[in-house]
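In what follows, a structure is listed as structure tokens, so that the remarks can point back to it.
Atom set for the values below is all heavy atoms of this structure, side chains included, hydrogens, waters and symmetry mates excluded. Reminder, nothing fancy here: chain letters follow the sequence lines and each chain counts from 1. Small disclaimer: the values here were computed from a predicted structure and weren't measured.
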Amino acid sequence: MVLLDIDYITRDDKAVVRLFGREKNDPTGNSIIVLDKGFKPYIYVVPHDLDPCREQLEELDVLNVEKVEMKDLGREKEFLKVTLKHPQDVPKLRDTIRDLSQVEDIREHDIPFYRRYLIDKGLFPMGEVEVEVETASPEMNCVSSDKGASIVELKGQIRPVNSDFPELKILSLDIEVYNPKGMPNAEDDPIIMISLSSNQGLRMVISTAESPLDFAETVEDEAAMIQKFVEIVEDENPDILIGYNSDNFDFPYIKDRAAILDIPLNLGTDGSCLKFMKRGFTNAALVKGRIHLDLYLIMRRYLQLDRYTLERVYLELFGQEKYDIPGDEIHQYWSDGGERLEKLFRYSLDDAVAVTEIAEKMIPLTLELTRIVGQPFFDVARMTTGQQVEWYLIRKANEQGEVVPNKPSASQYSNRRGKRASGGYVKDPVKGLHENIVYFDFRSLYPSIIISKNVSPDTLVDECNPEKCHISPEGGYMFLKEPPGFVPSIIGNILTERVRLKTLMKESTDDEEKKILNVQQEALKRLANSMYGVYGYSRFRWYRLECADAITAWGRDYIKKTMEKSEKFGFKPVYADTDGFYAVYEGEVSD
DNA sequence: GGGTAGCGGGG
DNA sequence: GTGTACGCTACCC
């Protein structure tokens, strides 16, 4: 099956992992939920003295304490792996454990249970998994509707299978709200239209208003509108539900109105209701078994624009103006009826269709990142690139037997926040209109420096024989030449894989295959380029200002030396920034 | 200059 | 849920 999402529930005080999937490569395939009772939460403990520490830990209410050999920034160390009864025991017990006299530190105590599962089992969301299962016992079946997923229990192996991109069924939605007083308020202002658009041809506007338009679906009242919406989601059974700013507008609004009208919103494949997760100060709307994607977040990440309205984004991607009704006029179009109402119907559907079109263009990259980072699509779509890098590194660390560094404490974080790595070299532009301009740039300057100078927290040393070290031109930071550091070796693998994909892309004669390979190599490039950031951003586990500083120091050195060299060949640099410079050719100059 | 409050998208 | 955004600008003192 295709693994769409994952979470866990508690049954008999025990955690049961739920894998949400769909029958492989068949968008009309059935939804499946696989239950796995066999996975236990654990953390690592750094002991002062192994045996006394073990004794202290065994007195606690835990399942098991076991000695393990793991690496900590490249150095072999002995840890105690403490297995707990329930994921929620981790936050409950971790302070107690950390405060034990024989405990030096605790590690990997903040890795969500389902993420730990994916990493340990080597599973990749949106990839295919093979499972040995049997029909689940009835008490595990929490589906309220006969349209929901079939539920099975894992009885044996679960393993990843290499496969192509899954074919996904997507359904976009957009609501219109009656809003005579400006921004609508869910307590007073009803939903007047719910528009839906799928990548399989569905186009529909559910409304209480009558309309001769063929995509209009007229219902009795607002309650029926929401009910019809739930029915269509069940019938269409999409893998991905998409909206624009739907985390913070459409879904919260639908939820509030459904609560007022007393309509159950069981949109999940397990029959569960729409839920919200607090993520900082904003929400993420969650539909179990489907992936809710808020395109607004994606567009902010991938486009560099002054504004991110749906209209602006559509124009940027497709070069076409979208017909727009200003928000504060919607209630008038609604009340006017006739031609104006028809325009509102068209506008509403247009928005949903635009969301589908944008999604089809934007989903491949996020899909690819999901399959590299190895965390749920829902999560990856809401992560910053820095977080994507971090979870990728956490998975890699695990593969290499490395214990992951802790997140910074509040005080470490505020300490780091004031500091900043020095930047790239910038030469102010020479004023004027320049002709015969040439541009020089370094391909992937920072990733190249990380690899060639082996810049990594585990290779950074205080003192070292200069022959065995790379020493940065400013700051004099020293990095061992051998062995390859954790981050450099990973970037190395990424770049090697990228070269392989680019070669395949050039050799390929199939346009569709070329496109997919291109998305894949772009995703790897993004990841490699953002890897430098982990060293300089205060919240990161592999934060090391010395590394960030050393990288930019080498960067400035390379670009300045290249500019000097270019002058010997008759070029006059007029502007430079970080990894490239512009120069005017002024003819042969001898030195 | 240093520090903080407020904002984005959505109707 | 093994959780609490983010990066920028406007404006204040």
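- The distance from atom CZ of R382(A) to atom C1' of dT4(C) is 16 Å, rounded to the nearest whole Å.
- Side-chain contact between F377(A) and I363(A) is present, with at least one heavy-atom pair separated by less than 4.5 Å.
- Residues N398(A) and D120(A) are in side-chain contact: their nearest non-hydrogen atoms beyond the backbone lie under 4.5 Å apart.
- Using a 4.0 Å heavy-atom criterion, one finds that I111(A) contacts the bases of the nucleic acid, with or without backbone contacts as well.
- In this structure, G243(A) reaches neither bases nor backbone, as no heavy-atom distance under 4.0 Å exists between it and the strands shown.
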Worksheet entry | Test log, rule salt bridge (charged side-chain N to carboxylate O under 4.0 Å, His left out), inputs D379(A) and R115(A) | CA-CA 10 Å; D379(A) 295 12; R115(A) 295 196 176 178; 2.7 Å; yes
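- R257(A) and Y253(A) share no donor-acceptor pair across their side chains, judged by distance under 3.5 Å alone.
- For an aromatic pair to be called close, the ring centres must be under 6.0 Å apart, and F249(A) with F251(A) fails this.
- Within 4.0 Å of E329(A), counting heavy atoms only, lies no atom of the nucleic acid at all.
- On the P atoms, dA5(C) is 13 Å away from dG1(C), given to the nearest whole Å.
- Among the heavy atoms of the strands lying under 4.0 Å from P41(A) is at least one base atom, whether or not backbone atoms are also near.
- One donor-acceptor pair, N or O on each side, does fall under 3.5 Å between the base of dG1(C) and the side chain of Q88(A).
- Here the P atom of nucleotide dC7(B) and the CG atom of N245(A) are 15 Å apart, to the nearest Å.
- Between F540(A) atom CZ and dA5(C) atom P there is a gap of 13 Å when expressed in whole angstrom units.
- Within the nucleic acid shown, Y244(A) comes within 4.0 Å of sugar-phosphate atoms alone, with no base atom in reach, counting heavy atoms only.
- K407(A) comes within 4.0 angstrom of sugar-phosphate atoms only, judged by non-hydrogen atoms across all strands, and of no base.
- Using a 4.0 Å heavy-atom cutoff across all strands shown, Y8(A) reaches sugar-phosphate atoms only and no base atom.
- Among the protein residues, D110(A) comes within range of the nucleic acid bases, having at least one heavy atom under 4.0 Å from a base atom.
- Between the CG atom of L344(A) and the C1' atom of dG11(B) there is a distance of 11 Å, rounded to whole Å.
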Please write out each protein N/O paired with an N/O of nucleotides 9-11 of chain C under 3.5 Å, distance rounded to 0.1 Å.
none

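- Screening D5(A), D7(A), D270(A) for a salt bridge (Lys or Arg N to Asp or Glu O under 4.0 Å) with K288(A), the sole residue that qualifies is D7(A).
- Both the sub-6.0 Å distance and the 45° axial angle are not jointly satisfied by R544(A) relative to the ring of Y535(A).
- Contact annotation for T384(A): backbone-only contact, meaning every heavy-atom pair under 4.0 Å involves sugar-phosphate atoms and none involves a base.
- If you take atom P in dG11(B) and the same atom in dC8(C), they sit 26 Å apart, rounded to whole Å.
- For the pair L303(A) CG and dG8(B) P, the computed distance is 19 Å after rounding to whole Å.
- Residue contacts for T282(A): at a heavy-atom cut-off of 4.0 Å it reaches a base atom on one of the strands shown.
- Here R539(A) reaches the OP1 or OP2 of dC6(C): one of its side-chain N or O atoms lies under 4.0 Å away.
- A side-chain donor-acceptor contact under 3.5 Å links S101(A) and Q56(A).
- Taking 4.0 angstrom as the limit, Y308(A) places none of its side-chain polar atoms (N or O) nearer than this to OP1 or OP2 of dG10(B).
- Among the protein residues, L84(A) comes within range of no part of the nucleic acid, since none of its heavy atoms lies under 4.0 Å from any strand.
- Rounding to whole angstrom units, CG of residue D7(A) and P of dT2(C) are separated by 10 Å.
- Remark: C1' of dG7(C) and CG of L297(A) are 14 Å apart, rounded to the nearest angstrom.
- One finds a side-chain N or O of R94(A) lying less than 4.0 angstrom from the OP1 or OP2 phosphate oxygen of dG3(C).
- Less than 6.0 angstrom separates the ring centroid of F113(A) from the ring centroid of F39(A).
- Going from atom CD1 of I358(A) over to atom C1' of dG9(B) covers 13 Å, rounded to whole Å.
- Comparing dG8(B) with dT4(C), their P atoms sit 25 Å apart, to the nearest whole Å.
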